[in-house]
Amino acid sequence: MVHGAVIRTFAQQDVVDFSKYSNIPTINALTDDEHPCQILTDIFTYEEKRGSIVGKKVAFIGDAACNVARSWVYAAEYFKFNLVLAAPEGFESPVTNAHVKQVRSPEEAAANADLLYTDVWISMGKEAEAAERIKAFAGYQINSKLISLAHKDVLVLHCLPAYRGKEITAEVMDLRADDIFDQAENRLHVQKGIMDWLVHSKAA
Ligand code: NVA
């Protein structure tokens, strides 16, 4: 009775199973493992503002094991850009490919980056680990010093909600708000595009 489904949940397997047994287009709107609509939006936003992402350097600072970082890993291979993930010990991405480098140093990741990106230190479902994570991620922050190491035309994006003073400073959030709120708006348009593609064009 439905032409497609959008699922935002915790277990990735629930989305996989739903897709398999329903046999209708199934869109992952966030799981513990992936956040593909967000990363398609981020790439759309980069290309809207700076042009092709092919061959560019994307630096992700923070929880490289989280859903957003993992979807960045898959995107790096698909869209052919270089991704550097800077994360503390224990928070590395469990998935990787030839376009991805994992480092400890946020400065190394940020050096000459075309896109600087971060996500919350405490993802949905990880609230019980808050104290431990705040300690582990200290220093994994997008701030003006990190931006000064990047390409002079660097774009700064954040998937929101942002925690000022944690993964991004209040100063950077304010200076880069125009881009970050365009990015937030773009998710609406990109997700409409994904639905249209899956339900209409792809089915045609
Ligand atoms: N990693 C974050 C993304 C929020 C859009 C979370 O899962 O909470």
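The structure presented is a predicted model; accordingly, all values stated were derived computationally and were not measured. Order of listing sets the numbers, starting from 1, for every ligand and every atom in it.
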**Q** Please step through side-chain hydrogen bond (donor to acceptor under 3.5 Å, both in side chains) for the pair Gln12 and Asn28, ending with a clear verdict.
**A** CA-CA 8 Å; Gln12 173 77 14; Asn28 179 344; 3.2 Å; yes
**Q** Strictly under 6.0 Å, is that where the ring centroids of Phe91 and Phe137 end up?
**A** yes
**Q** Counting only heavy atoms not in Lys192, do more than 12 fall under 6.0 Å of its NZ?
**A** yes
**Q** Tell me whether Lys101 at atom NZ has more than 12 heavy atoms from other residues, nucleotides or ligands lying less than 6.0 Å away.
**A** no
**Q** Could you go through ligand 1 and note, for every N or O atom, any protein N or O atom closer than 3.5 angstrom, writing the atom names and distance to 0.1 Å, or 'none'?
**A**
| unit_1 | atom_1 | unit_2 | atom_2 | d |
| --- | --- | --- | --- | --- |
| ligand 1 | 1 (N) | Asn67 | OD1 | 2.8 |
| ligand 1 | 1 (N) | Asp119 | OD2 | 2.6 |
| ligand 1 | 1 (N) | Ser123 | OG | 2.7 |
| ligand 1 | 7 (O) | Asn67 | ND2 | 2.9 |
| ligand 1 | 8 (O) | Met124 | N | 2.8 |

**Q** Can you pull out every side chain to side chain donor-acceptor pair (under 3.5 Å) where at least one residue sits in residues 78-95? Sequence neighbours excluded, please.
**A** Glu92-Arg104
**Q** Tell me whether the count of non-hydrogen atoms from other residues, nucleotides or ligands lying under 6.0 Å of NE2 in His3 goes above 12.
**A** no
